[in-house]
Amino acid sequence: MAKVYYNGDANEQYLQSKTVAIIGYGSQGHAHAQNLRDSGVNVIVGLRPGKSWEQAEKDGFQVCTVREAAREADIVMILLPDEKQPTVYKEEIEPELQPGNALVFAHGFNIHFNQIVPPADVDVFLVAPKGPGHLVRRTYTEGAGVPALIAVYQDVTGTAKETALAYAKAIGSARAGVLETTFKEETETDLFGEQAVLCGGLTSLVKAGFETLVEAGYQPEVAYFECLHELKLIVDLLYEGGLSWMRYSISDTAQWGDFISGPRVINDSVKAEMKKVLEDIQTGKFAKGWILENQANRPEFNAINRRENEHLIEVVGRELRSMMPFVKAKQKDVVVSSAKN
Ligand SMILES: NC(=O)C1=CN([C@@H]2O[C@H](COP(=O)(O)OP(=O)(O)OC[C@H]3O[C@@H](n4cnc5c(N)ncnc54)[C@H](OP(=O)(O)O)[C@@H]3O)[C@@H](O)[C@H]2O)C=CC1
Ligand SMILES: CC[C@](O)(C(C)=O)C(=O)O
Ligand SMILES: [Mg+2]
Ligand SMILES: [Mg+2]
């Protein structure tokens, strides 16, 4: 078994009398900033003028430019979108780094794929929550937390790992469990998980099920409840007690269908494709494509995003959710990407 670190293994002293600059105030940024502050850490937020700046100020933070925040801080946590990090780092963060400072990430993409090359005289580590930023904040306020990975890339102070653990504790992750890894392992497994299972695999599975029912003449609303809405209720059981707890709660008829039909749908050809997806990640092919797509101003990303937002499952879902006041997610303009705080 891997060593799993919990609150008792982390010492908040490593963050005491330090200033942490949170660069970006989106999904992860707002959660890290608020959790760290609630844990007694001195936090400043680095941004460009705009929506996030206003929000962070409204939330009571001292907000300044990225360059000013990097200058003032001992620990600089970069929570900008991955594709924007290299330019902002080069222009506004690197010139302000002092020997012994710490440069921190929540995902290893830019270090692992050589888009950011840090100076040799700073600590470089990551604290990567294994969950969406909004849940990092929500679970913290509920007294719980989202597990995280830590990894050290450069350790000039000799205390990089201890500081990473203290940071993980301060955002609530050591309540749930922290694993030590490498930038390579975090980057490759995170990209694989989100593409093949958590996001890409899941949305494609849900849409395929929904389309199969609708194309067979069933009501789209029935298909929506069956293939999307109920998923949360099933996944909650997986989260609480694994596959067996979910299977205990469902009917024996459903469990028999799970055993017999699940492997027909997610079969060897799906696994073979997953292996190819992993290979594209490992070889850097996926990273190169994503970097170039951004350099070209996202023509394909935006076209797919528009088409996905117009899918019948989204149209029906918006209608049905508007009648469920207990479903609290805010409807965001997801066609044009915007700050996620
Ligand atoms: N989303 C998640 O839950 C997870 C993310 N991660 C990692 O965390 C990091 C952050 O991701 P995420 O939270 O999704 O990012 P977001 O897309 O939510 O970040 C948006 C934030 O970045 C700011 N921003 C964008 N461009 C600039 C700029 N040029 N200068 C200053 N501020 C800018 C935005 O401000 P403005 O309002 O001005 O646009 C906004 O505050 C990434 O490395 C990601 O891989 C890791 C685990 C999970
Ligand atoms: C699953 C997507 C994720 O990796 C995450 C929330 O952990 C991300 O990059 O947003
Ligand atoms: Mg992830
Ligand atoms: Mg990710």
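This is a predicted model, so every value here is computed, not measured. Whatever order the structure lists ligands and atoms in, that order sets their numbers, starting from 1.
Note on ring orientation: taking the six-membered ring where Trp is involved, the planes of H30 and H134 are tilted (angle from 30° to 60°).
For Y153 and H112, the side-chain atoms include no donor-acceptor pair closer than 3.5 Å.
Contact annotation: the side chain of V316 never approaches that of E319 to less than 4.5 Å [non-hydrogen atoms, C-beta and beyond].
Short contacts between ligand 1 and S52, defined as distances under 4.0 Å to a heavy atom of the residue, involve ligand atoms 34 (C), 35 (O), 36 (P), 37 (O), 40 (C), 41 (O). Residue P129 has at least one heavy-atom neighbour below 4.0 Å for each of these atoms of ligand 1: 47 (C). Below 4.0 Å from some heavy atom of P132 lie the following atoms of ligand 1, by number and element: 3 (O). Annotation for ligand 1: atoms under 4.0 Å from non-hydrogen atoms of L79 are 8 (O), 10 (C), 19 (O).
Excluding water, every protein N/O/S atom under 2.8 Å from the Mg ion (ligand 4) is given here by residue and atom: D190 OD2, E194 OE1.
With respect to K3 and E180, no salt bridge is recorded, no charged nitrogen being found less than 4.0 Å from a carboxylate O. Under a 4.0 Å N-O distance rule, the pair R71/E96 qualifies as a salt bridge. No salt bridge links R67 with E91; every basic N to acidic carboxylate O contact stays at or beyond 4.0 Å. A salt bridge is defined here as a Lys NZ or Arg NE, NH1 or NH2 lying under 4.0 Å from an Asp or Glu carboxylate O, and E308 with K207 meets this definition.
For atom 47 (C) of ligand 1, the choice among K130, Q28, H107, H32 with the nearest heavy atom turns out to be Q28. By heavy-atom distance, the residue among P81, G24, G131, P49 lying nearest atom 19 (O) of ligand 1 is P81. Taking each of R48, K84, H30 in turn, the one with a heavy atom nearest to atom 28 (C) of ligand 1 proves to be R48. One option in N110, V136, D190, D82 has a heavy atom closer to atom 44 (C) of ligand 1 than any other, and that option is D82.
Both the backbone and the side chain of L80 come within contact range of ligand 1, each with a heavy atom under 4.0 Å. For A128, no heavy-atom contact with ligand 1 is shorter than 4.0 Å.
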When the side chains of residues 255-265 are checked against the rest of the protein, which donor-acceptor pairs come out under 3.5 Å, sequence neighbours left out?
residue	atom	partner	partner atom	Å
D258	OD1	R247	NH2	3.0
D258	OD2	R247	NE	2.8
D258	OD2	R247	NH2	3.3

Acceptor/donor pairs from residues 209-228 side chains to any protein atom, 3.5 angstrom cut, sequence neighbours excluded:
residue	atom	partner	partner atom	Å
E211	OE2	H311	NE2	2.7
T212	OG1	A208	O	2.6
Y224	OH	R321	NH1	2.7

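Here P299 pairs with E293, A296 under the side chain to side chain contact (heavy atoms under 4.5 Å, CB included) rule; sequence neighbours left out.
Geometrically, ligand 1 and Q85 share a nitrogen or oxygen pair separated by less than 3.5 Å. By the 3.5 Å distance cut-off applied to N or O atoms, G50 is not counted among the residues near ligand 1.
Nearest heavy-atom pair, Q34 versus D59, reported as atom, atom and distance to 0.1 Å: NE2-OD2, 3.3 Å.
The environment of N267 atom CG is dense: over 12 non-hydrogen atoms of other residues, nucleotides or ligands sit within 6.0 angstrom.
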